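Convention: sequence-line order gives letters A, B, ...; per-chain numbering from 1. Please read these numbers as outputs of a predicted model, since none were measured by experiment.
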Protein chains: 2
Amino acid sequence: MAATARRAPGAPTTRDRILAAAAEEFAARGFDGAKVDRIAVRARVNKAMLYYHFRSKTALYQTILLDRFGRVARAVEAVREQGGSPEIQLRRFIEALAGTAFTQPQFPPMWLREIADGGRHLAPPIVSEMGRVVGTLGAILADGHAAGVFRQVNPLVTQVGIVAPLLFFAATGPVRERFKQLVPADILNAQGQEIITHVVAGTLAAVTPPHARPSASRRQQS
Amino acid sequence: MAATARRAPGAPTTRDRILAAAAEEFAARGFDGAKVDRIAVRARVNKAMLYYHFRSKTALYQTILLDRFGRVARAVEAVREQGGSPEIQLRRFIEALAGTAFTQPQFPPMWLREIADGGRHLAPPIVSEMGRVVGTLGAILADGHAAGVFRQVNPLVTQVGIVAPLLFFAATGPVRERFKQLVPADILNAQGQEIITHVVAGTLAAVTPPHARPSASRRQQS
DNA sequence: GTCTATATTTTGATAGAC
DNA sequence: GTCTATCAAAATATAGAC
């Protein structure tokens, strides 16, 4: 044991500090823009320590990606296990995705970058986690179609219609902050809830078959 | 004159070749991932030539960004000049954006990356071009609201709901191609038209006030 | 306008002591 | 597990001839 500084109980381990610092750096700068030196400084360790815990910059990056996509996958699968009508599940699916996007700020930019990169860093286990997300939505849509409440839609198109606005909105937080003086404040102050409402409304409208559109009982005029 | 190779009439200039090569490299790898050497090779010039035409890697990147955002801005402003009802203009706005995204494949990944980067490379003139896009949509929405056919919506939220899915879908082309063996072919074969239809339907539903929802004349049952 | 050769800095990664 | 010192490759940029 000797003179080694002992970690306080409950305090994050060195490995955890590295992971946290790396997530911020990768999210803010992307894989190529992220610098190992900066990650080490942020984590208050030296580079050698970082390479003791992770084989390479790539391995570190993929560890984080896998963790984050795993969380999303678990979040949406929990929605399905919770049951309920297809409409309810679809709504909760969107909310779960939004929840992840807003509570884990590093995730949206990372996802956007991976898309732009053509999946260059997406190792098979990570792709598998993404598949669980799309698969969950596909199952909800299939249920709805079988029950006659959804028309037959392409799950990929629906998925994009849901995920893209949420990621985009969450990721543009910093940009909106940066250019706030150029745009009327009330417009910029759009809250997360507004985009969720928008996506829910848009998605439901796109998957609802014509014969199930809003009924006359809700209409006010001819 | 001497022994200098003369450019064939109509053939792209050296500068143009550099710009084209750089656009591909930046789109595929991002600013930090893009390498000046690779751009030079792709453009069939040497590095010194590249630095003769452009002050720096950053200057080259921003030249391309400004050009691309300028094209989008002109495309959507043309929609507005064309006139028509707010609904028509909104639809054409979406189609114009989609057209740009699909015909200029480098643009969607570049836009996604800039979002993820928090606008680190967005010089004021580029921001100004983006403003023209949002401004155009804002005007269409305001017209519609004044005419009573749209409810009052946050233009930024609507903008995100339109732009994000289109960019995302266009940018995921390569990823979908890459993992085509993991997903049923018919799902992957979603065409651009499907996402446009989805976005149009979703957006119109989100901006349409309750009293103007699909009328009973279109409904088939109680 | 174009090329070769090179300067300079940054960066991912490691050796080896403690 | 942790640190100092350092290597080797890569990458941006430029000098200077033609």
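- Shown here for A:Ile140 and A:Phe150, the closest heavy-atom pair between the two residues is O-CE1, 3.9 Å.
- Atom NZ in B:Lys35 sits about 14 Å away from atom P in C:dT10, given to the nearest Å.
- Put simply, CZ on B:Arg29 is 14 Å from C1' on D:dA11, counting in whole angstrom units.
- Contact annotation: B:Asn46 side-chain N/O to C:dC3 OP1/OP2 distance is under 4.0 Å.
- Smallest separation of non-hydrogen atoms from A:Phe31 and A:Lys57: O-NZ, 2.8 Å.
- The CZ atom of B:Phe26 sits 14 Å away from the P atom of D:dA11 (whole-angstrom rounding).
- The only option from A:Arg42, A:Arg38, A:Arg29 that meets the salt bridge (Lys or Arg N to Asp or Glu O under 4.0 Å) definition with A:Glu24 turns out to be A:Arg42.
- For A:Met49, whose side chain is taken as the heavy atoms from C-beta onward, the closest listed nucleotide among C:dG12, D:dC3, D:dA11 is D:dC3.
- Place A:Ala34 and B:Arg15 on DNA chain C by their nearest nucleotides, and B:Arg15 ends up nearer the 5' end.
- Between B:Glu77 and B:Arg74 no salt bridge is recorded (no basic side-chain N to carboxylate O distance below 4.0 Å).
- Counting heavy atoms of neighbouring residues, nucleotides and ligands inside a 6.0 Å radius, atom CZ of B:Arg68 exceeds 12 of them.
- Put simply, CD1 on A:Ile18 is 11 Å from P on D:dG1, counting in whole angstrom units.
- When the side-chain nitrogen and oxygen atoms of A:Thr14 are compared with OP1 and OP2 of D:dT2, one or more of them lie within a distance under 4.0 Å.
- Looking at A:Glu95 and A:Arg92, no side-chain N of the basic residue comes within less than 4.0 Å of a carboxylate O on the acidic one, giving no salt bridge.
- In this entry the distance linking CZ of A:Arg44 with C1' of D:dC3 reads 16 Å, nearest Å.
- Going from atom CZ of B:Phe31 over to atom P of D:dA11 covers 14 Å, rounded to whole Å.
- Between A:Leu50 atom CG and D:dT4 atom P the separation is 15 Å, expressed in whole Å.
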Inset, instruction - Let me have a per-nucleotide readout for nucleotides 13-18 of chain D, 5' to 3', with B, S or -, counting only protein heavy atoms under 4.0 Å. - result: BBB---

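- Straight-line distance from the CZ atom of A:Phe54 to the P atom of D:dT2: 12 Å, rounded to whole Å.
- A distance of 9.0 Å separates CD1 in B:Ile196 from CD1 in B:Ile94, rounded to the nearest 0.5 Å.
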